[in-house]
Structure formats: C-alpha cells, structure tokens
Amino acid sequence: MKKSFKRILIANRGEIALRVIRTCREMGIQSVVLYSDPDRMSQHVQLADEAYALGGSSATESYLNQKRILEIAQRTKVDAIHPGYGFLSENPIFADNVQQSGFVFIGPPAVAIRSMGDKLAARKQAEKLGIPTIAGTKEPLKDERQAGATADAVGYPVLLKAAAGGGGKGMRIVHTPAEMASAVRAAKSEAQSAFG
C-alpha cells in the first residue's frame, strides 16, 4: 500500500538533509529539520520549511538523541521520519521507536537493520544465499593476536571491521602487521562510543 505524506521530519544534517529536502519539495511534501547548536546556521536549516533546535553540540546530545527527536516529531505532527544515513539510520531500536510512536520510518524495517547490523551474521546470510564474499572470518576475532594471524593468512592490506556498527564506524584499513594492535584498539573504541 502506497502511503502519501504531507510532512517529513529529517533526522540528519548537511548534504543528506539537503537531498531529502529537495526531494520533498519536488513531491510537494513539507520538510521539517533538526539542528545542533553548531548547525543552527547551516544550509539545511535555511532551506527546510521548518527547523527545530535539538540543543547540544555533540552528536550524542543532538542527532543521536532519540527522545528529543521523537518529542519534536510529536509536536510538529509529521507523518514520517527520514533518518538519512549514519546517525540513527542503522539503529533498529530507533526504527521500532519511530513506528511505536505512530510515525512511518523511511528506511528498512527494524528486523532487516538488526540482521545486517551484525556484520558476521550478514556475512553468513550472504553466503547462505550464494552471494559471493571476500576472504575473511566467519567468527569474531578475540584479540589483536588472532586478528594478526588472520591477516597473515589472508594477506595485507586487510579491512578490520567491528562486528556491530555501521556507517563506517569501527572500521580500519590495516596495511602492515605493525599497524594491527592500534587498529584493533581504535576500531573497538570507535564502535563502542558510536553504538555501545
């Protein structure tokens, strides 16, 4: 069933917000955007039909603040929420919360986000479906020593990726064995801070 919208809240910023605003305009849909304190004069704020302050300057205080985003969505009476990419676009809890709050989540269903969010599960699903994959692991690596042994077997350079996460967070290109330890620490830290 095709659903038509009158108002969409864009839970993102920058170029992706601008693209969604342009598309909304072409489709005769009102665009509602959000902004952090540093983004208050950004182009997406200027071009949208309406703009609302999230407050805060970090992503955690603003574009990742699900409660505040949903409060603004309720107050502005939008029909749907478009997460753009990055930020909350790959968060199945947010997708569920959007729907439970009575809005349409413009993106894949939460079940798909969950299944693709775990990169090892996604790899196994691709292999099960006969989709070619590149050389790598099917089980999580326990530590930098195991990561180094796997990279030695596969051959450098390798792409080290946190099993959970998305949007490029927790991912590092490792060119030599000497880079492995710091790459593992950085990938773990980044994935932890971005996705918990």
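Along the sequence shown, residues are numbered consecutively beginning with 1. Here the structure is a predicted model, which means the values were calculated and not measured.
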Does His44 use its side chain to pair, donor to acceptor, with the backbone of Leu34 at less than 3.5 Å? yes
Does Ile72 form a side chain to side chain contact (heavy atoms under 4.5 Å, CB included) with Val78? I'd like the steps, not just the answer. CA-CA 9 Å; Ile72 293 170; Val78 297; over 6 Å; no
Can you check whether Ala53's main-chain N or O pairs, donor with acceptor, with Arg68's side chain at less than 3.5 Å? yes
Do the side chains of Met41 and Gln46 get nearer than 4.5 Å, heavy atoms only? yes
Under the side chain to side chain contact (heavy atoms under 4.5 Å, CB included) rule, what do Met171 and Leu159 come out as? Steps first, then yes or no, please. CA-CA 7 Å; Met171 187 170 11; Leu159 182 64; 3.3 Å; yes
Flag if over 12 foreign heavy atoms under 6.0 Å of CG, Leu129: yes
Run the salt bridge (charged side-chain N to carboxylate O under 4.0 Å, His left out) check on Glu179 and Arg172 step by step: do they pass? CA-CA 10 Å; Glu179 297 173 5; Arg172 294 288 183 280; over 6 Å; no
Smallest separation among heavy atoms of Leu120 and Pro140, with atom names: CD1-N, 3.3 Å
State yes or no: do Met27 and Phe5 share one hydrophobic cluster built from I, L, V, M, F, W and Y residues joined by side-chain heavy-atom distances below 4.5 Å, directly or via other members? yes
Same cluster or not: Leu160 versus Tyr156, using hydrophobic residues (I, L, V, M, F, W, Y) connected whenever any side-chain heavy atoms lie under 4.5 Å apart? yes
Parallel, tilted or perpendicular: which fits the ring planes of Phe94 and Phe105, with parallel below 30° and perpendicular above 60°? perpendicular
Of Tyr85, Tyr35, Phe87, the residue whose pairing with Tyr63 passes ring pair (Phe, Tyr, Trp, His ring centres under 6.0 Å): Phe87
Is there a salt bridge (charged side-chain N to carboxylate O under 4.0 Å, His left out) between Glu139 and Lys124? Walk through the geometry before answering. CA-CA 10 Å; Glu139 298 302 325; Lys124 289 175 186 174; 3.2 Å; yes
Please round to the nearest 0.5 Å and tell me the distance separating atom NZ of Lys188 and atom CG of Asp143. 7.0 Å
With sequence neighbours excluded, give me every salt bridge (Lys or Arg N to Asp or Glu O under 4.0 Å) pair touching residues 22-40. Arg13-Asp39
Can you tell me if Glu190 uses its side chain to pair, donor with acceptor, with the backbone of Ala186 under 3.5 Å? no
Rounded to the nearest 0.5 angstrom, the CE-CG distance for Met180 and Leu141 is 8.5 Å
So which atom in Ile69 and which in Leu88 form the shortest heavy-atom distance, rounded to 0.1 Å? CD1-CD1, 3.6 Å
So, for Ala110 and Ala95, which heavy atoms are closest and what is the spacing to 0.1 Å? CB-CB, 4.1 Å
Smallest heavy-atom separation, Ala181 atom then Glu144 atom, equals CB-OE2, 3.2 Å
Taking it one step at a time, do Gln66 and Asn91 satisfy side chain to side chain contact (heavy atoms under 4.5 Å, CB included)? CA-CA 10 Å; Gln66 294 184 43; Asn91 185 317; 3.5 Å; yes
At what distance, to the nearest 0.5 angstrom, does CG of Asp79 lie from OG of Ser4? 8.0 Å
With rounding to the nearest 0.5 Å, note down the distance linking CD in Glu71 to OG in Ser101. 10.0 Å
Between atom CG of Leu64 and atom OG of Ser58, what is the distance when rounded to the nearest 0.5 Å? 8.0 Å
Can you tell me which residue among Ile106, Leu70, Ile8 is in a side chain to side chain contact (heavy atoms under 4.5 Å, CB included) with Ile81? Leu70
Heavy-atom pair of closest approach, residues Arg123 and Ala135: NH2-C, 3.7 Å
Phe103 side chain near Gln74 side chain, heavy-atom distance below 4.5 Å: yes
Of all heavy-atom pairs linking Gly84 and Ile16, the shortest is CA-CG1, 3.6 Å
Do the side chain of Ser189 and the main chain of Arg185 share a donor and acceptor less than 3.5 angstrom apart? no
Assess the residue pair Gln43 and Glu15 against the criterion (side chain to side chain contact (heavy atoms under 4.5 Å, CB included)); give the C-alpha distance rounded to whole Å, side-chain angles, the decisive distance to 0.1 Å, and a yes or no. CA-CA 9 Å; Gln43 193 174 15; Glu15 180 60 29; over 6 Å; no
Value rounded to 0.5 Å, distance of CE in Met116 from CD in Glu90: 11.5 Å
Look at the side chain of Ser36 and the backbone N and O of Ser57, then say whether any donor-acceptor pair between them is shorter than 3.5 Å. no
Any salt bridge between Arg7 and Glu50, counting N to O under 4.0 Å? yes
4.5 Å side-chain heavy-atom contact, Ser31 and Val20: no
Got a donor-acceptor contact below 3.5 angstrom from the Ser42 side chain to the Val45 backbone? no
